[in-house]
Amino acid sequence: MAQLHSVPARVQARPCETFSGRAHRRLRPYVLGYAGFRSGDGEALAHRILPVSSTTMIVDYEAGGRVVTGPRSDPAVFERTQWGHGVSVGLTPLGVSALLRVPVRELAGAAVPLADLLGRDGEILAERLHAAADWPARFAVLDDLLTARLDGGDAGADRLALRAWARLHEPGAPRVGALAEDLGVSRRGLEMRFRRQVGLAPATVARVARFQRAVSMLVRGRDLPATAVDSGYADQPHFNREVRAMTGLTPTRLCAFLQYRELAPR
């Protein structure tokens, strides 16, 4: 379940280079995936954070931009905290409690310096990432440090809410009411569980998941009409309104910021 966390706040002359990877099997209940990134010119940039239903660690090991952003349903432009060359780590709600050791609801809509959550581990992580030879080696560093932080911090997790959160990201996900009925809880009960465990309401998670499906299609070069239909919007005007509401940009303008070049494994 890959999600695009952010785009440069200003259109760049050259695309950002990215390199994707999966976490070790032991970490997959906690980590959605890894992404290495380098801006087109290698310089640290201000970014526009997009609506995302997960938590993201950003570690720029050169310019020093290191931050954790929680799930959110609206955009935010980061001018002061900038990054250009580093890694991002997508975390499930379970991963937030187990690896960052805070409830995800405390991070919803927020941005927290990495040092406030990882302490000295954050400095060690940046140093080891900087010393690694390539992206696979950097992902191995992430595997090592994150595995070492697993200490049973997920013991009190609400497994039903986590299962519902995952299902809302699947293609053809049911409506929230139908999902609650399928799981044997009331809609109100599911909403309360989400507030505690996820930080966003289930309807908001479903809305963000649909938006992120559309973004992933646009990144792959799909045209706007096909994206609107295939990602589940009622029609093109509905899609246009949602993109503007969730990004502050028109769909055409958003596409101008989606400049990424995925590097192939060597």
Trainee: From I124 CD1 over to L129 CG, what is the distance, rounded to the nearest 0.5 angstrom?
Mentor: 11.5 Å
Trainee: Does R120, at its CZ atom, have more than 12 non-hydrogen atoms belonging to other residues, nucleotides or ligands within less than 6.0 Å?
Mentor: yes
Trainee: Between the side chains of D144 and R128, is the shortest nitrogen-to-carboxylate-oxygen separation below 4.0 Å, so that they form an ion pair?
Mentor: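 Yes, R128 and D144 are salt-bridged.
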Trainee: Indicate yes or no for a side-chain donor-acceptor contact from T92 to the backbone of P29 under 3.5 Å, with no hydrogens or angles considered.
Mentor: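 Here the side-chain-to-backbone pair exists.
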Trainee: Find out if a path of hydrophobic residues (ILVMFWY) with successive side-chain heavy-atom gaps under 4.5 Å connects L32 to F211.
Mentor: no
Trainee: With no hydrogens and no angle check, is any side-chain donor or acceptor of H130 less than 3.5 Å from a backbone partner on A126?
Mentor: no
Trainee: One pair to check against side chain to side chain contact (heavy atoms under 4.5 Å, CB included): V205 and H169. What are the steps and the verdict?
Mentor: CA-CA 8 Å; V205 170; H169 292 87; 3.6 Å; yes
Trainee: Using modelled atom types and a 3.5 Å cut-off, is there a donor and acceptor pairing between side-chain atoms of S216 and backbone atoms of R213?
Mentor: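 Yes; at least one donor-acceptor contact below 3.5 Å.
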Trainee: How about R175: does its CZ atom have over 12 heavy atoms from other parts shown lying under 6.0 Å from it?
Mentor: no
Trainee: Checking side-chain contact (heavy atoms from CB on, under 4.5 Å) against P71, which of V208, V96, V104, V198 comes through?
Mentor: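 Of the listed options, the one satisfying the test is V104.
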Trainee: Assess, by modelled atom type and distance only, whether the side chains of H85 and S39 contain a donor and an acceptor separated by less than 3.5 Å.
Mentor: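 S39 and H85 do not have a side-chain donor-acceptor pair below 3.5 Å.
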Trainee: How far apart are the C-alpha atoms of L146 and V89, what are their side-chain angles, what is the distance that settles it, and do they pass the side chain to side chain contact (heavy atoms under 4.5 Å, CB included) test?
Mentor: CA-CA 10 Å; L146 295 178; V89 181; 4.2 Å; yes
Trainee: Which residue is it: R163, Q197, R193, R196? I am looking for the one with a side chain to side chain donor-acceptor pair (under 3.5 Å) to D158.
Mentor: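 Result for side chain to side chain donor-acceptor pair (under 3.5 Å) with D158: R193.
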Trainee: With a 4.0 Å cut-off on N to O distance, would you call R149 and D121 a salt bridge?
Mentor: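 Yes.
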Trainee: Is the count of non-hydrogen atoms from other residues, nucleotides or ligands lying under 6.0 Å from M217 atom CE greater than 12?
Mentor: yes
Trainee: Between T147 and H24, do the side chains contain an N or O donor and an N or O acceptor separated by less than 3.5 Å?
Mentor: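 No, no side-chain donor-acceptor contact under 3.5 Å.
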Trainee: Are R210 and Y233 in a cation-pi setup, meaning NZ or CZ lies under 6.0 angstrom from the ring centre and within 45 degrees of the ring axis?
Mentor: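 Cation-pi check for R210 and Y233: passes.
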Trainee: Do you know the tightest heavy-atom contact between L114 and G122?
Mentor: CD2-CA, 4.3 Å
Trainee: Answer yes or no: is there an ion pair linking R187 with E181, defined by an N-O contact shorter than 4.0 Å?
Mentor: no
Trainee: Using 0.5 Å steps for rounding, measure from the CD atom of Q212 to the NE2 atom of H5.
Mentor: 10.0 Å
Trainee: Looking only at heavy atoms, which two atoms of Y260 and P8 are closest? And how far apart?
Mentor: OH-CD, 4.0 Å
Trainee: Roughly how far apart are L183 CG and L160 CG, rounded to 0.5 Å?
Mentor: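 The CG atom of L183 sits 5.0 Å away from the CG atom of L160.
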Trainee: Have a look at L218 and tell me which of L224, L4, V243 forms a side-chain contact (heavy atoms from CB on, under 4.5 Å) with it.
Mentor: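 Running side-chain contact (heavy atoms from CB on, under 4.5 Å) over L224, L4, V243 with L218 returns exactly one hit, L224.
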Trainee: So, are E17 and R38 salt-bridged, with charged N and O less than 4.0 Å apart?
Mentor: no
Trainee: In Å, rounded to the nearest 0.5 Å, how long is the span from CZ of R72 to CG of L50?
Mentor: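 Spacing of CZ (R72) from CG (L50) equals 10.0 Å.
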Trainee: Could you walk me through whether F239 and T227 pass side chain to side chain contact (heavy atoms under 4.5 Å, CB included), step by step?
Mentor: CA-CA 9 Å; F239 173 66; T227 296; 4.0 Å; yes
Trainee: Could you check whether any side-chain N or O of Q12 sits under 3.5 Å from a backbone N or O of R10, counting only pairs where one atom can act as donor and the other as acceptor?
Mentor: yes
Trainee: Salt bridge or not between R167 and D182? Use side-chain N to carboxylate O under 4.0 Å.
Mentor: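 Yes, charged N to carboxylate O under 4.0 Å.
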Trainee: Report the distance from atom OG1 of T55 to atom CG of L99, rounding to the nearest 0.5 Å.
Mentor: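 T55 atom OG1 to L99 atom CG measures 11.0 Å (nearest 0.5 Å).
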Trainee: Does a side chain donor of either R138 or Y61 reach within less than 3.5 Å of an acceptor in the other side chain?
Mentor: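 Yes - a donor-acceptor pair under 3.5 Å links their side chains.
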Trainee: Can you name the nearest heavy-atom pair linking S54 to W165, along with the distance?
Mentor: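 In this case the closest contact between S54 and W165 is CB-CZ2, 4.3 Å.
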Trainee: Establish, from distance only, whether the side-chain atoms of Q3 and S53 form a donor-acceptor pair under 3.5 Å.
Mentor: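 The answer is yes; a qualifying pair exists.
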Trainee: Do R101 and E106 meet the salt-bridge criterion of a basic N to acidic O distance under 4.0 Å?
Mentor: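 No.
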Trainee: Would I58 and V87 show up in the same hydrophobic cluster when neighbours are defined by side-chain heavy atoms closer than 4.5 Å?
Mentor: no
Trainee: Give the C-alpha distance, both sets of side-chain angles, the deciding distance and a yes or no for side chain to side chain contact (heavy atoms under 4.5 Å, CB included) between D134 and F19.
Mentor: CA-CA 10 Å; D134 55 22; F19 188 95; over 6 Å; no
Trainee: For L168 and P202, work out which heavy atoms get closest and say how close.
Mentor: CD1-O, 3.6 Å
Trainee: Supply the atom-to-atom distance D60 CG to F37 CZ, rounded to the nearest 0.5 angstrom.
Mentor: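 Taking CG in D60 and CZ in F37, the distance rounds to 5.5 Å.
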Trainee: Could you tell me whether the side chain of R28 and the main chain of A23 form a donor-acceptor pair under 3.5 Å?
Mentor: yes
Trainee: What are the two closest non-hydrogen atoms of W135 and G36, and how far apart are they?
Mentor: CZ3-CA, 3.4 Å
Trainee: State, to 0.1 Å, how close L190 and A164 come at their nearest heavy-atom pair, and which atoms those are.
Mentor: CD1-CB, 3.9 Å
